[in-house]
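Notes follow once the structure below has been shown.
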Amino acid sequence: MTAWEVKDSLSQLTGWEKSEEDSILTLCKTCLKEIEAMLKPDADPTDIRIAAVAAALAYYKLSLKRSFCENEEEITSFKAGDVSITQTRADISRLADKAEAHYRKSLEAILPLCRDNGFAFENILIKVKI
């Protein structure tokens, strides 16, 4: 799996400006490394679900970044005749929530490929001293 494949998957979820190309690719590389760190050693590195999860994570992080943007120019608003469209910070925050839900759902698909980082207590004996 490559960052370019993650970027291709991300392009199906959202768009970006041409000036953001380098930072988007860097984000995809970082997200791919995060997902690869969760995988079992014997997991198939070419599994397309890995790119999909990395893209979902990149989409979530990009949505968070956009929702925290302090620049008022980042708020979308335009008018064409009688039609007016405005995207507020609340809309962008809801988009980040949806991106997080998409990431969690995508992550569920690769759980069989991931290492189990959980723990459990088994066969616990309790001695009661009187």
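Values below: every heavy atom of this structure, side chains too, minus hydrogens, waters and symmetry copies. As the structure is a prediction and not an experimental result, all values here were calculated from the model.
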* To the nearest 0.5 Å, what is the distance between CE (M38) and CG (D116)? -> 13.5 Å
* Inter-residue atom distance K98.NZ - Y60.OH, 0.5 Å rounding -> 15.5 Å
Can you give me every donor-acceptor pair (side chain of residues 102-111, partner residue at least two apart or in another chain, under 3.5 Å) with its distance?
unit_1, atom_1, unit_2, atom_2, d
R104, NE, E100, OE2, 3.4
R104, NH2, E100, OE2, 3.0
S106, OG, H102, O, 2.9

* **With sequence neighbours excluded, residues passing salt bridge (Lys or Arg N to Asp or Glu O under 4.0 Å) with D47** => R49
* L113 pairs by side-chain contact (heavy atoms from CB on, under 4.5 Å) with which of L39, D42, D44? -> L39
* How far apart are the C-alpha atoms of E34 and K61, what are their side-chain angles, what is the distance that settles it, and do they pass the salt bridge (charged side-chain N to carboxylate O under 4.0 Å, His left out) test? -> CA-CA 12 Å; E34 283 184 46; K61 288 183 175 189; 2.3 Å; yes
* Single-linkage hydrophobic cluster L25~L62, side-chain heavy atoms < 4.5 angstrom -> no
* Quick one: do W4 and L32 satisfy side-chain contact (heavy atoms from CB on, under 4.5 Å)? Show the steps, please. => CA-CA 10 Å; W4 291 100; L32 181 58; over 6 Å; no
* To do: Can you tell me which residue pairs pass the side chain to side chain donor-acceptor pair (under 3.5 Å) test with a partner in residues 7-19, sequence neighbours excluded?
  => K7-E21, T14-R66, W16-E21
* Looking at residues at least two apart in the chain, or sitting in another chain, which of them share a salt bridge (Lys or Arg N to Asp or Glu O under 4.0 Å) with K29? -> none
* Can you tell me if K40 uses its side chain to pair, donor with acceptor, with the backbone of P112 under 3.5 Å? -> yes
* Which pair of heavy atoms, one from C31 and one from L57, lies closest together, and at what distance? -> SG-CG, 3.7 Å
* Asked: Do you know which two heavy atoms are closest between L10 and C28, and how far apart they sit?
  -> CD2-SG, 3.9 Å
* To do: With sequence neighbours left out, write down each residue that passes salt bridge (Lys or Arg N to Asp or Glu O under 4.0 Å) with E36, or none if nothing qualifies.
  => none
